[in-house]
**Q** 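One structure follows; several queries about it will come next.
In this text, all values refer to a predicted model and were calculated from it rather than measured experimentally. Numbering of ligands and ligand atoms starts at 1, following listing order. Values below: every heavy atom of this structure, side chains too, minus hydrogens, waters and symmetry copies.
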Amino acid sequence: MKIGVDIGGTEIKAGIVSNGKVIKKITVKTQTNKGRKQVIQNITNAIKQLFNKNIKAIGIGAPGPLDYKRGILGKQLNLPLSNFNLKKFVQQKFKVPVAVDNDANVFTLGEALQGAGKKYDNVIGLTLGTGIGGGIVINKKLYHGRGNAGELGHITIKFDEKIKSKCGNNGCIEQYASARGICKRAKVKSPLELYNLAIKRNKKAISAWKQTGILLGIGIINIINSFDPDIVIIGGNISKAWKFFYKAMNQEINKRALLKGTK
Ligand SMILES: [Zn+2]
C-alpha cells in the first residue's frame with residue numbers, strides 16, 4: 001500500500017492506493033493564508049490520517065517548478081512553500097521512501113499507468129484548472145527534459161495578442177483555456193457560472209465554450225505534431241464542461257492534423 005498526496009492552493013487531497021486503486025481518500029484545507037508553518041502542518045496531518053504500518057511509500061504531486069530529483073519546491077506562486085525540501089521533510093517524518101513531482105506530471109503518469117492511458121505507451125496529459133499544466137509520458141515513463149519539461153500551458157497559440165501570461169509571454173494557451181482565461185474572455189466570475197449558463201442554453205455561453213474548444217484544439221495540434229502520442233488526456237476541473245467544448249476541439253484538431261489517429 002502507498003499514499004498519494006496532491007498539494008493544491010486550496011486543498012490537500014490524499015489517498016491510500018492499493019494495487020493501483022484508491023481505497024480511501026481525504027481532503028484537508030491548505031490554508032495558505034496562515035503561512036508556511038501551518039501549510040506544512042496540514043500536509044503532515046493529511047498523511048498522518050492515512051498512515052499505517054502497511055504503507056511502503058509516499059508519492060506527492062505539487063505545483064511546479066520543482067527539483068523532482070531532490071524533492072525541493074521552486075518559486076511557488078500559490079503556496080508559501082518556495083525552496084522547501086518536501087521530500088526530505090516527509091521522509092524524515094514517516095520513514096518511508098518519498099517521491100515528489102509536478103502535479104500535472106503525476107496526473108499524467110497516473111492516467112498512463114492506471115487510467116485512460118493504461119493501454120498506451122505514449123501519453124500526454126493536460127490539466128485545465130486555474131492555470132494549465134502538462135505532462136509527457138514516453139514509453140510509460142515521465143519525460144522530464146532537464147528537469148521541468150511539460151509546461152504545455154505555455155504553448156503560444158496567438159503570438160500577436162496583448163494578453164500577458166504569468167510566464168511573461170503573449171498568447172499562451174493558458175490565457176485562453178484555463179479558468180482564468182475563460183473568465184476573462186467570457187466575462188464571467190467562474191467557469192462554473194459559464195457552465196450553468198450553457199446548461200440553460202444561453203447562446204453566448206455555448207459559443208464561449210465552443211471558442212475554448214477551438215483554442216484548445218490549436219494548442220493540442222502543436223502537441224500532436226511534436227510528440228505523435230497515442231492519446232492526449234484532459235483533466236482538471238474545466239474538463240467537467242467536456243460536452244460543451246469537445247466537438248469544436250476535435251474539429252479543429254482534425255482540420256489541422258498532419259498526423260491522424262491520436263485519441
Ligand atoms: Zn505563458
**Q** Under 3.5 Å, is there a donor-acceptor pair between the Gln49 and Asn45 side chains?
**A**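 Distance-only check fails for Gln49 and Asn45.
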**Q** Using a side-chain heavy atom cutoff under 4.5 Å and only I, L, V, M, F, W and Y, what cluster partners does Tyr120 have?
**A**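 Via sub-4.5 Å side-chain contacts, Tyr120 links to Phe107, Leu109, Leu113, Val123, Val137, Leu142, Ile231, Ile233.
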**Q** I want to verify a count. Protein N, O or S atoms less than 2.8 Å away from the Zn ion (ligand 1), how many are there?
**A**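 The number of such protein atoms is 4.
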**Q** Which distance, rounded to the nearest 0.5 Å, do you find between the CD of Glu111 and the OG1 of Thr127?
**A**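 Going from CD on Glu111 over to OG1 on Thr127, the span is 11.0 Å.
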**Q** Would you mind listing the cluster partners of Val22? Hydrophobic ones only (ILVMFWY), side-chain contacts under 4.5 Å, chaining allowed.
**A**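 Val17, which link up through side-chain heavy atoms under 4.5 Å apart, make up the rest of the cluster.
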**Q** Considering only distance and modelled atom types, tabulate donor-acceptor pairs under 3.5 Å from the side chains of residues 205-216, sequence neighbours left out.
**A**
| from | atom 1 | to | atom 2 | distance (Å) |
| --- | --- | --- | --- | --- |
| Trp209 | NE1 | Leu194 | O | 3.3 |
| Thr212 | OG1 | Arg185 | NH2 | 2.8 |
| Thr212 | OG1 | Ala208 | O | 2.8 |

**Q** Could you tell me which non-hydrogen atom of Ile12 sits nearest to which non-hydrogen atom of Lys29, and how far apart they are?
**A**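 Distance-wise, the nearest heavy atoms are CD1-O, 4.3 Å.
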